[in-house]
Amino acid sequence: MKAIIYIDGFNLYMSRLKYNRQLRWLNLGKLATSLVEKDTPEATIERINYYTAYVSGKIDPAAVGKQQTYLAALKTIPNLAIHPGNFVIGEKWVKVKHPPLSKPDGYPWEEPYPEFIKAFIPQEKGSDVKLGVHLVRDAFTNAFDRAYVLTGDTDLVEPIRIVTQELGKEVVIVPPDKPRPSSIPIIAPTLVKASTGQLFIEDDDLVASQFPDLVPRPRQKTLTKPVDWVVKV
């Protein structure tokens with residue numbers, strides 16, 4: 001059985017990695033292999049497609065270098081392809097939640113609190129469209145028998161439905177959110193309906209799928225895990 005993995009990088013980051021820096025040095029090849037082996041041990045992973053967006057240094061100047069280091073580490077995985085989109089940083093007026101919170105903690109807000117403030121709002125552009133188009137194209141060309149789509153984005157319902165219901169391929173949804181008690185669903189019903197199965201990522205899967213702190217590369221400089229991603233003991 002041929003399998004292709006499609007990873008919505010922004011969705012994965014926001015769901016599991018944003019507040020868990022120690023898990024960001026994630027080897028997606030190891031993660032994909034462990035998930036597929038749990039689901040279909042006989043499957044062969046033909047390709048891993050990672051959809052992400054180049055971050056802007058407008059909010060965090062150091063983020064650009066850390067992302068480039070991580071993408072370079074991913075390029076050491078032989079069957080992984082990176083499909084970039086872009087972040088657009090826009091200025092928008094947003095309504096303030098009362099009482100307002102801020103970083104750094106303890107910032108003194110003066111009363112009366114403002115109803116609206118202008119904020120930088122990052123938006124990812126292009127990644128989900130590429131994922132959906134590639135999924136449908138690969139199904140048409142019989143590139144896979146079963147696709148694993150790591151996302152919680154309901155914008156992908158229609159391409160997944162086309163692949164499963166019109167092209168007769170299998171699509172397993174892998175939600176990036178942490179599994180919860182069975183009474184609390186973590187996959188949108190529309191994604192469940194469009195797919196042919198579901199698979200979940202446990203914390204242990206992420207812990208076991210980390211790159212080593214130093215990632216060697218032939219004829220290139222060894223990559224070092226960003227210092228603020230290192231677990232402090």
Side-chain angles (χ1 to χ4, degrees), residues 5-35 48-77 80-89 94 97 100-107 119-125 127-128 131 148-153 174-180 184 186-187 199-217 220-233:
I5 319 300
Y6 302 81
I7 299 174
D8 181 340
F10 185 68
N11 218 224
L12 174 61
Y13 175 82
M14 295 302 293
S15 297
R16 298 294 278 278
L17 306 179
K18 182 176 181 179
Y19 300 107
N20 294 286
R21 291 177 177 269
Q22 74 281 6
L23 298 177
R24 292 182 186 178
W25 198 229
L26 182 60
N27 184 325
L28 297 175
K30 282 187 177 181
L31 179 64
T33 298
S34 67
L35 292 172
I48 302 167
N49 288 323
Y50 177 61
Y51 301 86
T52 188
Y54 292 132
V55 300
S56 167
K58 192 170 185 178
I59 296 177
D60 178 7
V64 176
K66 287 183 282 190
Q67 186 192 43
Q68 290 304 312
T69 299
Y70 179 59
L71 294 178
L74 291 181
K75 290 176 182 177
T76 66
I77 301 171
L80 185 143
I82 298 171
H83 303 279
N86 290 289
F87 274 113
V88 176
I89 307 294
V94 294
K97 178 181 178 182
L101 300 176
S102 66
K103 292 290 184 180
D105 294 334
Y107 175 83
F120 290 123
I121 306 296
Q123 292 181 300
E124 187 190 28
K125 297 291 185 180
S127 296
D128 55 347
L131 194 161
Y148 293 83
V149 181
L150 200 164
T151 191
D153 189 348
V174 185
D177 296 281
K178 186 174 181 178
R180 304 170 191 156
I184 307 176
I186 65 171
I187 310 178
L199 189 61
F200 300 93
I201 302 174
E202 302 289 345
D203 284 342
D204 289 346
D205 296 321
L206 297 176
V207 172
S209 299
Q210 297 294 305
F211 283 112
D213 288 354
L214 299 178
V215 178
R217 298 182 294 171
Q220 290 181 287
K221 182 181 178 181
T222 295
L223 299 168
T224 302
K225 181 178 182 179
V227 65
D228 60 345
W229 295 0
V230 176
V231 178
K232 295 180 181 181
V233 294

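Take L101 and apply the side-chain contact (heavy atoms from CB on, under 4.5 Å) test, not counting sequence neighbours, and it matches no residue. Taking S209 as the reference, L26, K30, L31, S34 meet the side-chain contact (heavy atoms from CB on, under 4.5 Å) condition, with sequence neighbours excluded. Residues satisfying the side chain to side chain donor-acceptor pair (under 3.5 Å) test with R217, not counting sequence neighbours, are none. The ring-ring contact (aromatic ring centres under 6.0 Å, His included) check on Y107 picks up W109, with sequence neighbours excluded. Residues passing the side chain to side chain donor-acceptor pair (under 3.5 Å) test with K178, sequence neighbours excluded: D203. Residues satisfying the ring-ring contact (aromatic ring centres under 6.0 Å, His included) criterion with F211, sequence neighbours excluded, are W25. Residues passing the side chain to side chain donor-acceptor pair (under 3.5 Å) test with K225: none are found, sequence neighbours excluded. By the side chain to side chain donor-acceptor pair (under 3.5 Å) test, Y148 pairs with D39, T40, sequence neighbours left out. With sequence neighbours left out, R24 forms a salt bridge (Lys or Arg N to Asp or Glu O under 4.0 Å) with no residue at all.
Y50 pairs with exactly one of L150, I77, L28, D8 by the side-chain contact (heavy atoms from CB on, under 4.5 Å) rule, that one being L28.
Proximity of L12 to I7: side-chain heavy atoms (C-beta onward) are separated by under 4.5 Å at one or more points.
With values rounded to the nearest 0.5 angstrom, Y51 atom OH is found 12.0 Å from I82 atom CD1.
No donor-acceptor pair closer than 3.5 Å links the side chain of Q210 to the backbone N or O of N27.
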